Amino acid sequence: MDEQYKMTVEAQRAPVIEPGHTFGTVTEKISAIVLTRPASNGWFVGFGLCFILTMMMLYAIGYLFLKGIGIWGVTIPIGWGFAIVNFVWWIGIGHAGTLISAILLLLRQSWRNSINRFAEAMTLFAVACAGIFPAIHIGRPWLAYWLFPYPNTMKVWPQFRSPLMWDVFAVSTYATISALFWFVGLIPDLATLRDRAENRWTRMVYGILSMGWRGSARHWHRYETMYLLLAGLATPLVLSVHTVVSFDFAIGIVPGWHTTIFPPYFVAGAIYSGFAMVLMLAIPIRKIYGLEDFITERHLQNSAKVMLATGLIVAYGYGIEAFMGWYGGDRYDAFTLWNRLHGPYASSYWALLTCNIFVPQVLWIRKLRTSPVALFFISGVILVGMWLERFIIVVVSLHRDFLTSSWGMYYPTRWDWMTFIGTIGFFLACMFLFLRVLPAISIFEMRTLLPGAEVKAE
Amino acid sequence: MKRDPIYGMMAEFDSAQALVDAARRTNEAGYKKIDAYSPFPIEGLAEEVGFHHDEVPLVVLIGAIIGGLTGYAMQYWMSAVDYPLNIGGKPPHSWPAFIVITFEMTILFGGISAVLGMLALNGLPMPYHPVFNVPRFALASKDRFFLIVFSSDKKYDAVGTRKFFEGLGPRSISEVPS
């Protein structure tokens, strides 16, 4: 490309980090949120509300343990109700964190440096929320550990030909690797907090967590190699996780599930909803903590573009599903399509198309891509849309299968809603705590974006 | 063995460029046991302090291979040897169904060995280290860059090394007690 053209394009773009910052100011600004800034009343109110919701979730789960899953709306034929809808929704949201931290690292997208830390935290909390559901929906949740292959007195082993077992391995590997990735990413920043903490106890806690990191050139070299390799491992992992989640459906023969488009379309949908969640978190965080210098218009725009692209892949997925329903010639598949458009849950299908396909098209307008308020609401719409997508896939496919005699309806009960809304509270409560005790933006990776970080060889 | 009361001589620099240049000149001057500390990774700095063999990739490769083999062997042994069960008429050793978990275990073991390998090779966790005895070293995690010549270096000499450091134009020089 023409050098001058490149420079003009670069000049028109919003910067990744506002000019005027030094290593000192970046360090100061991000660590101050944790070390010196007192928790505001708004923080206490927000955390308090989310904490109450968390308690509500625990109450709903406690009652479930007492009474059994009969308190939920699940019946035959809809044996997979909210629990699986929410599981798929949450795990999908998690995907954006790994995409940002691993895939964008491999693609050398330096703008990821200011959002990867809290996106990874988001992943971890979302996976925690996701993990609750499969465990509590199995009917006898105290036996959830039977899913793992461990030597037992019954002398039996799990059935590895089942996609549900694949899911156990995929999700637990994903949770482990996300936690590791997040934690090692924090080590150098924890050392910064250790060195800057005034209080003895704070210093000790950060000192223990930072494991004595001292920033030696040898250590940095191994650290960077490790980080790159971990990113290389996490990239196929993140793609595999939602692929395996989609296998839970696609391996079954239920009309509306048994299709090969599921893996790519699930992965795209996961990233779609994940970026929507990233924006819903980043927009208020940057405003409240004054981080507009680090999370700039560029980040908002790029995230909006990722949503637009993945949203179109999702739209293609819907299109192919509908097309194959018509073209495939299978009467049950054709009926599934008709049932989505005209059946008892038609309103949720039309709401899905509106939320996931029609509304996000406004992101083609540059002005809306750069407006935090507009993006916040569009992201909210997308999150609702992606939740509806999973509802359609799980409930609407199951409620009318091959035999009319086995048709049924699904009505979520208040316990379903309490558990679902409770996990949102739990997720946000974790985010609130995270913002107060750990640096929400990776300090050392931000330093590498500054002009002073570039070194000329002799 | 009696421990040397002095761990080394440390110089502080203002910029990443100054540190890289200083490290190169120190290396060229014949000091071999040196190290550099910076608040972020600097490309090429490790080579200047004489670090050439990074074993992390090998550790990860071995970990990933062990993970993959473990994953496959586990499924084979459990489903085909110890508890063969006829599921939908599929053979006990139905390898295509075992690929997913084999893959996940490869990633799991590879990832864990990457992190543990990096920590072990770096000798971490190590909460106490002589370099922390220098008060200004707290800035190494903020915006300052440090170079050290260890007292175990053959060329190390309290007066001569300090003199050499002065020639590099550092911001400060301090002796590091061990």
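Each chain gets a letter, A, B and so on, in the order its sequence line appears, and its residues count up from 1. In this text the structure is predicted, and so the values were computed from the model without any measurement.
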So for [X], is it side chain, backbone, both, or neither that comes closer than 4.5 Å to the heavy atoms of chain A?
X         : answer
Phe132(B) : side chain
Ile34(B)  : backbone
Glu48(B)  : neither
Tyr128(B) : neither
Val20(B)  : side chain
Val131(B) : side chain
Tyr76(B)  : neither

Specify whether Trp220(A) and Tyr223(A) have parallel, tilted or perpendicular ring planes, treating 30° as the upper limit for parallel and 60° as the lower limit for perpendicular.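 Geometry flag for Tyr223(A) against Trp220(A): perpendicular rings.
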Anything under 30° is parallel, anything over 60° is perpendicular, the rest tilted; go ahead and classify Phe247(A) against Trp166(A).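 Plane angle over 60°, so perpendicular.
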At a heavy-atom separation under 4.5 Å, does [X] approach chain B through its side chain, its backbone, both, or neither?
X         : result
Pro163(A) : neither
Ser216(A) : both
Val184(A) : side chain
Leu230(A) : side chain
Thr27(A)  : side chain
Leu228(A) : neither
Leu233(A) : both

Residues from residues 88-97 of chain B approaching chain A under 4.5 Å (heavy atoms):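 Within residues 88-97 of chain B, near chain A: Lys90(B), Pro91(B), Pro92(B), Ser94(B), Ala97(B).
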I'd like to check [X] versus [Y] (side-chain heavy atoms, cut-off strictly below 4.5 Å). Are they in contact?
X         : Y         : value
Leu237(A) : Tyr174(A) : yes
Tyr37(B)  : Arg144(B) : no
Phe160(A) : Pro149(A) : yes

Shorter than 4.5 Å, heavy atoms on both sides: which option in [options] has the most such pairs with chain A?
options                                   : value
Pro57(B), Gly50(B), Ser15(B)              : Pro57(B)
Leu121(B), Ile112(B), Leu45(B)            : Leu121(B)
Tyr83(B), Phe103(B), Phe137(B), Phe98(B)  : Tyr83(B)
Ser79(B), Ala114(B), Ser38(B)             : Ser38(B)
Met78(B), Glu43(B), Met118(B)             : Met78(B)
Pro127(B), Ala64(B), Gly117(B), Pro125(B) : Pro125(B)

Could you tell me which of [options] has the largest number of non-hydrogen atom pairs under 4.5 Å with chain B?
options                                    : result
Thr192(A), Ile208(A), Val244(A), Ile443(A) : Thr192(A)
Ser172(A), Ala170(A), Ser162(A), Gly215(A) : Gly215(A)
Arg218(A), Glu224(A), Met226(A)            : Arg218(A)

Could you measure the distance from the OG atom of Ser174(B) to the CZ atom of Arg162(B)? Nearest 0.5 Å is fine.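 The CZ atom of Arg162(B) is 7.5 Å from OG of Ser174(B), to the nearest 0.5 Å.
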Nearest 0.5 Å, what's the CD-OG distance between Glu120(A) and Ser178(A)?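 Answer for the CD-OG pair, Glu120(A) versus Ser178(A), is 8.0 Å.
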Residue among Met446(A), Arg447(A), Glu445(A) satisfying side chain to side chain contact (heavy atoms under 4.5 Å, CB included) with Leu449(A):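 In the set Met446(A), Arg447(A), Glu445(A), the residue that makes a side chain to side chain contact (heavy atoms under 4.5 Å, CB included) with Leu449(A) is Met446(A).
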Suppose we call two aromatic rings close when their centres sit under 6.0 Å apart. Are Tyr7(B) and Phe150(B) close by that rule?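 Yes; Phe150(B) has its ring centre under 6.0 Å from that of Tyr7(B).
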Electrostatic pair Arg203(A):Asp195(A) at N-O distance under 4.0 angstrom: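 No salt bridge links Arg203(A) with Asp195(A).
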Closer than 4.0 angstrom, basic N to acidic O: yes or no for Glu28(A) and Arg196(A)?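 A salt bridge links Glu28(A) with Arg196(A).
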